[in-house]
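Position 1 is the first residue of the sequence, and the numbers go up from there. Whatever order the structure lists ligands and atoms in, that order sets their numbers, starting from 1.
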Amino acid sequence: MTTGRPARARTHRRPRSRTLLVLLALVAAAAVLGVAVVVLPMLRPAGPRPLFQMPVACGETWQLSTYPGHDDYDVDFFPVEGEAWGRPVLASYAGTVTVAGINGSLGGRTPENPEGPRGRGGGYWVKIDHGGTWETQYLHLLEPPLVEVGQKVAQGEQIGKLGSTGNSGAPHLHYEQRRGWEKVETHFDGTPSGITTDDREQILRRVSNNCPAVS
Ligand SMILES: [Zn+2]
């Protein structure tokens, strides 16, 4: 009878350790899967650059600018002529709206009170996914965006009105193009803007070719 105990102990211990191993393997597999779900989309190769257009009306001349401390590649749009407040902000390219809401806080700058209290961050803003990891962002809109999350927009479709919500000194549109979660030099109508750094003030003018398709 001296062999009974060790034998029983072995048969009890083995399944327990096997269960533990299986559990550990499952946990490890779940962790790997979780990381893969988060990381793999970020490693997707970028698609070709969409033919982005300026986010403002066809044929209008706008000032594109940046200043020290802005952030590399960020572009501020100011109209050369006419009232800035309320000007239509247009989708640069077709895509799906992924953000339409408030970034930071709105503050109180309106056409009636342009020197009102400054908000924080981007204020009313919109982000559009154009596929191939390309996206565009539109900040400081005057009012709640005219589009909602999940909505498909066409190139040139109005997504909001130009304003000064968030951390904004004067009514303008803060605009960015991103590829694979990184900001890149903005391109319009196939031509780079030339705004690649915020180490100095830069102001240039361009005419929007965000025009309705000719059928
Ligand atoms: Zn800006």
task = In plain terms, say whether Asp72 and Lys183 are close enough for a salt bridge, that is, a side-chain N and a carboxylate O under 4.0 Å apart.
result =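 The answer is no: the pair does not qualify as a salt bridge.
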inquiry  = As an exercise, state the distance from CD of Glu201 to OG of Ser65, rounded to the nearest 0.5 Å.
reply    =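 Output value for this atom pair is 7.5 Å.
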request  = Would you please indicate if the ring centroids of His187 and Phe52 are separated by under 6.0 Å?
outcome  =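 Judged by ring-centre distance (under 6.0 Å), His187 and Phe52 do not meet the cut-off.
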ask   = Is the distance between the ring centroids of Phe188 and Tyr175 less than 6.0 Å?
value =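 Ring-ring flag for Phe188/Tyr175: true, centres closer than 6.0 Å.
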key: Under 2.8 Å from the Zn ion (ligand 1) - protein N/O/S, by chain and number   =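 Protein N/O/S atoms under 2.8 Å of the Zn ion (ligand 1): His70 NE2, Asp76 OD1, His174 ND1.
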ask   = How about Asn167 and Arg120: does a side-chain donor come under 3.5 Å of a side-chain acceptor?
value =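 No.
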message = Applying the side-chain contact (heavy atoms from CB on, under 4.5 Å) criterion to Tyr73, which one of Ile195, Thr196, Val184 satisfies it?
response =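 Per the side-chain contact (heavy atoms from CB on, under 4.5 Å) rule, the option paired with Tyr73 is Thr196, out of Ile195, Thr196, Val184.
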